[in-house]
Each structure stands twice: as structure tokens, then as C-alpha cells.
Amino acid sequence: GGNAADKNMVKNADLMWKQSVWSSCIAATLASAYLKEGGFLQLTGADAALSATPGMIGYGMAKAAVQQMTKSLAADGSGLPKNACVAAILPICLDTPMNRKFMPKSDFSKWTSLDFVAELLEKWTNGTSRPASGSLVRLITSDGNTTLDIQ
């Protein structure tokens, strides 16, 4: 996304919006039509979007919009089925091959593994330890151990 002086800020912000907000809107629309009562919808925000993101304005803006969408979808009258639960995970950094490629000098022990995310989402999908609808769930990893901060 860059900062406001970056010549590509608008283009990058548009890309971030398409990747995060549009995909979340599509997921919400599909959930309104096909999710069963009591079903679970997960969206992906970002821990960084809880505060200022001056060097990546487009990213922060798009992720903040997804986090707001999560709260709105949890409210009565959102169009989701009865007793549906929607929650957003807010990773700091996910341990992916692309992230490792572009940030090779980072401390990978602070990155959340995809196995952890998959196991967490499987539990929530099955109704186990599911957070309240509208929750923003920070994934905080240190020394390879991930904890949840549910907001």
C-alpha cells in the first residue's frame, strides 16, 4: 500500500481492497445463501490494522474494513442465517513460503504456522471453543507457540 507520497499508493490500495474486502464480501454473500443455521464464517483481518499503518496504508485500510465487516455481519439483520458465527483472525505474520522468501531475515519463531490456523479453524467449524460472533481474534506467536487474544 505504501504511504501517501508513494506514486503507487492508489494502485496498491486498490489491489489490497480487491484482495481483502471484495473476497470477504463474496464470502459473506455466499454465506447468506448457503451457510446453515449455526454455521461458521471466518474472515481474515490483520493485527496491524488495529493501529496506524503509515508505510502500508492500503493494506491497513483494507484489513480494517474486513474487521468492521466482521462486526457488522455478527449484528442482527446482517443477512446471515440464524445463530451463525462470524469471526476474523488477525495474524501478525503467517509462516508461508512467500513470506519467508520476501522476509528471509525475520524471526520465524514469531510467525503463526498454517497448521495452527488450520487446526483452529477446524475446531471452530465443528463448534468447539468457538469465539463469540463478531470477535476479532489476534494470533500472537512467540517462540513457535501461538496464543489467542479475543477482542
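We're numbering straight along the sequence, starting at 1.
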**OP:** Decide yes or no on side-chain contact (heavy atoms from CB on, under 4.5 Å) for Leu120 and Leu148, but give the supporting numbers first.
**Re:** CA-CA 10 Å; Leu120 179 66; Leu148 306 180; 3.8 Å; yes

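Side-chain atoms of Asn126 come within 3.5 Å of backbone atoms of Glu122 as a donor-acceptor pair (strictly under, hydrogens ignored). Lys71 places a side-chain N or O within donor-acceptor distance of the main-chain N or O of Gly134, the cut-off being under 3.5 Å. Remark: side-chain polar atoms of Thr53 are not paired, donor with acceptor, to backbone N or O of Ala49 under 3.5 angstrom. In terms of modelled atom types and a separation under 3.5 Å, the side chain of Asp47 and the main chain of Leu90 share no donor-acceptor contact. No donor-acceptor distance shorter than 3.5 angstrom exists from the side chain of Ser78 to the backbone of Ala74, with no hydrogens or angles considered. Between the side chain of Thr70 and the backbone N or O of Val66 there is at least one donor-acceptor pair closer than 3.5 Å. Of the possible donor and acceptor atoms, one in the side chain of Gln67 sits under 3.5 Å from a partner among the backbone N and O of Ala46.
Two residues are said to be in side-chain contact when any heavy atoms from C-beta on lie closer than 4.5 Å; Gln151 and Val137 fail this criterion. Contact annotation: the side chain of Ile92 never approaches that of Leu139 to less than 4.5 Å [non-hydrogen atoms, C-beta and beyond]. Counting heavy atoms from C-beta on, the side chains of Cys25 and Met69 come closer than 4.5 Å. At a threshold of 4.5 Å between non-hydrogen side-chain atoms, the residues Trp111 and Thr141 do not count as touching. Side-chain atoms of Leu41 and Leu73, non-hydrogen and from C-beta on, do get closer than 4.5 Å to each other. In this structure, the side chains of Val117 and Ile89 come closer than 4.5 Å at one or more pairs of heavy atoms.
Across Cys85 and Ser133, no two heavy atoms sit closer than the pair CA-OG, 3.5 Å. Taking all atoms of both residues into account, the shortest heavy-atom contact from Asn3 to Met9 is O-CG, 3.2 Å. Ala31 and Leu80 get closest at one heavy-atom pair: CB-CD2, 3.8 Å.
Listed by first then second residue, pairs satisfying salt bridge (charged side-chain N to carboxylate O under 4.0 Å, His left out) with a partner in residues 142-151 read Arg138-Asp149, not counting sequence neighbours. For the salt bridge (charged side-chain N to carboxylate O under 4.0 Å, His left out) condition, no pair includes a residue of residues 101-115, sequence neighbours left out. The salt bridge (charged side-chain N to carboxylate O under 4.0 Å, His left out) pairs that include a residue from residues 76-96 are Asp95-Arg100, where partners are two or more places apart or lie in different chains.
Residues Trp124 and Val86 do not share a hydrophobic cluster, clusters being chains of Ile/Leu/Val/Met/Phe/Trp/Tyr side chains in contact below 4.5 Å. Hydrophobic clustering (ILVMFWY, side-chain heavy atoms < 4.5 Å, transitive): Met16 and Met61 are in distinct clusters. Note: the hydrophobic cluster containing Leu43 also contains Trp17 (ILVMFWY, side chain heavy atoms under 4.5 Å, direct or indirect links).
Ser23 and Gln19 form no side-chain donor-acceptor contact under 3.5 Å, judged by distance and modelled atom types alone.
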